Number of protein chains: 2
Amino acid sequence: MARTDARYREAYNTLLDYCGRLQVGGAVPSESELADVAGVSRTVVRRCLARLEETGIISWNGRHKRLLKRPANDDRLELLGDRTAAEDLEQRFLEWVLRFDVPADTPLSVAELSRMFSVPQHELKEFLAGLSRFGLVARRPRGGWMLRGFTKEFAVELSDFRKVLELNAVRIATDAPVGHPIWTTLSELRHAHLDLKSRIKTDFHEFSKLDERFHEAINSVVSNRFIAEFQKVISLIFHYHFLWDKADEQERNAAAIEEHLAIIDALEARDPDGAAKAAEKHLRTSKTTLLSSLRYHELG
Amino acid sequence: MARTDARYREAYNTLLDYCGRLQVGGAVPSESELADVAGVSRTVVRRCLARLEETGIISWNGRHKRLLKRPANDDRLELLGDRTAAEDLEQRFLEWVLRFDVPADTPLSVAELSRMFSVPQHELKEFLAGLSRFGLVARRPRGGWMLRGFTKEFAVELSDFRKVLELNAVRIATDAPVGHPIWTTLSELRHAHLDLKSRIKTDFHEFSKLDERFHEAINSVVSNRFIAEFQKVISLIFHYHFLWDKADEQERNAAAIEEHLAIIDALEARDPDGAAKAAEKHLRTSKTTLLSSLRYHELG
DNA sequence: TCAAATGTTTTTAATAATATCAATCATCGA
DNA sequence: TCGATGATTGATATTATTAAAAACATTTGA
């Protein structure tokens, strides 16, 4: 067997419904028309017609098609679900790498990953090929893949790259016109930060989510497909690493809130230099935290 | 058939050569040793041994292997060549897109491309999956791929992204220590620029190559896998677009030489602000040229 | 006896093969 | 004559098959 006939099955049920709305004994429209109704090609329609004839729901003879009886409910074809597995492969893959702390230079077996994530092998290969563009995985000389992994070098390069992108975003944000949605978002974020600050003693773990929202907002002012693509990966990696490092979490998060607020202050004051300085300070802290979380893991 | 047995064929010939250097009547080394010699697994070695025995070149009985006769030249297996096709697929693909000016939103047929570049389909799919990370191609709803292409938006976003990366590189370059290779390279580039400037009237078309060298040198100070990956694509695209736009080529190139020299001056003077300004000016010019070359093509 | 060599089995990655779907072209009939 | 159908071609997604590698088990001979 090759590909699934899910498309045919869905079309068949659609046509069944459609026939249900026709007069018994009346004519069934042309193949092209039915193709439009079901949103598939004529080839699929003809397969459906063949089955409809076989089941005795219609008669079919050249271009003479008649509805013989009203289709019953159990004439419908069952559609095999399970169409969400490949959805968030990226998320699940990175989650696996980070959660289980898969070491650098681990050989990745397409077959094994395919089972683990219940995704067909060829989809995994395409996915890995995509990741290789980010330097996260690489091809091995004689076939197969390997995880280049979260080494110290990787973390440094990632942080530096993030800094380049985000300082650029901050610079652009200060130039955003008054009506730009960023200002509303920033104002909301300020309140969210002040709110969390007031109850940081107990709810400090909520910061991780807030951090993600904050950086996403900053970067949203840059409409650039290249940057956007990277941002997804970057934020995911930073997110997970912060969850890792449990040492001094409350203090770190409290400090980060202040740093965020400083950035918001400078942005709202339309102070490019001040915003850049504040952002730089915050990104330096982030980098340190990322590196220390790696060290922590190496020792553990 | 499934995968090719090219590996086996090559190994067989290697072992044939190896046997040629042994004494006739003498013992043939162990399977593992032969595996090392040919650089393949024992499985392949055993297939080779089986054939060697069949051909009567060796006798094989458990661990007793003897060379019966010196292998002749026509004992060798023919290896189906064509093993360099997939080498620079990226280069060839982009060259095709740019040279033939393939319009945006063109549907890409994997089968057709596979024939065109003589690369197996699955390799092309992996390649396209990689490119999709750069937003150059995208999946179509019902299977297949399409070229998102070199629209105006693409050019703008690419230029902006390049600017972000390259200004960062310039900033880092001014901080490079005295012994850093960049200073030698820059000095060489200065001479090359002055040289070309003196004969710009006739040799202006040489500039494209020099431009590539210059930007590569600037970016070489940044050792970052993410940036490096992008740089390849960016430089290729700019390179081809400059080749396109024939209007005022000599003047444009003469002006660009001055801009490059200004950047080199500022860098050698260790003047970060001056270098950033000069670079920004040059990148603005590049962006304009890229956009005008697109307009030119739209009209043509 | 025990390490090295061989025999056997399992697993993986590369690639051919194929079912499904889409599109085109030729033909037919009202 | 034009719209509908029939036949053909060519594409992609997915399975099946095979070469190669790796893992495991057994044997042999110094």
Side-chain angles (χ1 to χ4, degrees), chain A residues 1-12 27-36 38-50 60-65 83 86 107-115 119-126 128-129 139-146, chain B residues 1-12 27-36 38-50 60-65 80 86 107-115 119-126 128-129 139-146:
Chain A
M1 245 176 296
R3 59 202 283 182
T4 65
D5 57 356
R7 204 163 167 62
Y8 154 70
R9 287 161 177 276
E10 205 162 332
Y12 184 80
V28 176
S30 76
E31 293 175 3
S32 337
E33 208 164 314
L34 293 174
D36 278 349
V40 296
S41 73
R42 267 182 55 218
T43 315
V44 182
V45 168
R46 301 178 109 243
R47 259 190 83 186
C48 294
L49 288 175
W60 186 21
N61 223 308
R63 62 193 63 192
H64 302 290
K65 298 187 287 289
R83 268 299 81 190
L108 298 175
S109 146
V110 172
E112 197 180 341
L113 294 174
S114 161
R115 282 191 297 273
V119 160
Q121 291 200 11
H122 59 98
E123 273 182 43
L124 249 157
K125 277 166 70 172
E126 282 184 19
L128 291 176
R139 259 193 177 299
R140 275 186 303 168
R142 288 218 224 308
W145 298 85
M146 96 189 181
Chain B
M1 242 179 294
R3 61 195 282 181
T4 64
D5 56 356
R7 205 162 166 62
Y8 153 71
R9 286 162 178 277
E10 204 163 331
Y12 184 80
V28 176
S30 77
E31 294 174 4
S32 336
E33 205 162 320
L34 294 174
D36 279 349
V40 294
S41 74
R42 266 184 58 219
T43 313
V44 181
V45 168
R46 302 181 109 243
R47 258 187 87 188
C48 294
L49 287 174
W60 187 21
N61 224 310
R63 61 193 63 191
H64 302 289
K65 298 186 288 291
L80 346 92
L108 298 175
S109 149
V110 172
E112 197 180 340
L113 293 174
S114 162
R115 283 191 295 273
V119 160
Q121 290 199 12
H122 61 98
E123 273 182 43
L124 250 157
K125 276 166 71 174
E126 282 184 19
L128 290 176
R139 263 193 176 296
R140 275 186 304 169
R142 288 213 226 309
W145 298 85
M146 97 190 178

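Letters go in sequence order (proteins before strands), and every chain restarts at 1. Just so you know, these numbers come straight off a predicted model, no measurement behind them.
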Asks: So, does A:R142 get its side chain near the phosphate of C:dT12, meaning an N or O under 4.0 Å from OP1 or OP2?
Replies: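 So the side-chain polar atoms of A:R142 never come under 4.0 Å of the phosphate oxygens OP1 or OP2 of C:dT12.
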Asks: Describe the nucleic acid contact of A:R115 in one word from base, sugar-phosphate, nothing, applying a heavy-atom distance below 4.0 Å.
Replies: sugar-phosphate
Asks: Examine D:dA13: is either OP1 or OP2 under 4.0 Å from a nitrogen or oxygen in the side chain of B:R139? Give yes or no.
Replies: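 Affirmative; the distance criterion is met.
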Asks: I need the minimum non-hydrogen distance between A:E31 and A:V45, along with the two atoms involved.
Replies: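 Minimum heavy-atom contact is O-CG1, 3.9 Å.
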Asks: Please name all residues satisfying salt bridge (Lys or Arg N to Asp or Glu O under 4.0 Å) with B:R9, sequence neighbours left out, ordered by chain then number.
Replies: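 Checked B:R9 against salt bridge (Lys or Arg N to Asp or Glu O under 4.0 Å); matches are B:D5.
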Asks: Taking the nucleotide of DNA chain D with the nearest heavy atom to each, does B:Y8 or B:G144 sit closer to the 5' end?
Replies: B:G144
Asks: By salt bridge (Lys or Arg N to Asp or Glu O under 4.0 Å), which residues pair with B:R142, not counting sequence neighbours?
Replies: none
Asks: Where the side chain of A:E112 is defined as all heavy atoms beyond and including C-beta, which of D:dA21, C:dT12, C:dA22 is the nearest nucleotide?
Replies: C:dT12
Asks: Mind calculating the distance between CD (A:E10) and P (C:dT20) to the nearest angstrom?
Replies: 16 Å
Asks: Considering only nitrogen or oxygen atoms on both sides, find all protein atoms under 3.5 Å from nucleotides 5-8 of chain C and state each distance.
Replies:
residue	atom	partner	partner atom	Å
C:dA5	N3	B:R63	NH2	3.3
C:dT6	OP1	B:K65	NZ	2.6
C:dT6	OP2	B:E31	N	2.7
C:dT6	O4'	B:R63	NH2	3.2
C:dG7	OP2	B:R46	NH2	2.5
C:dG7	N7	B:R42	NH2	2.8
C:dG7	O6	B:R42	NH1	3.0

Asks: So, does A:S109 get its side chain near the phosphate of C:dA13, meaning an N or O under 4.0 Å from OP1 or OP2?
Replies: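 For A:S109, the contact criterion (side-chain N or O under 4.0 Å from OP1 or OP2 of C:dA13) is met.
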Asks: Does C:dA14 have OP1 or OP2 under 4.0 Å away from a side-chain N or O of B:H122?
Replies: no
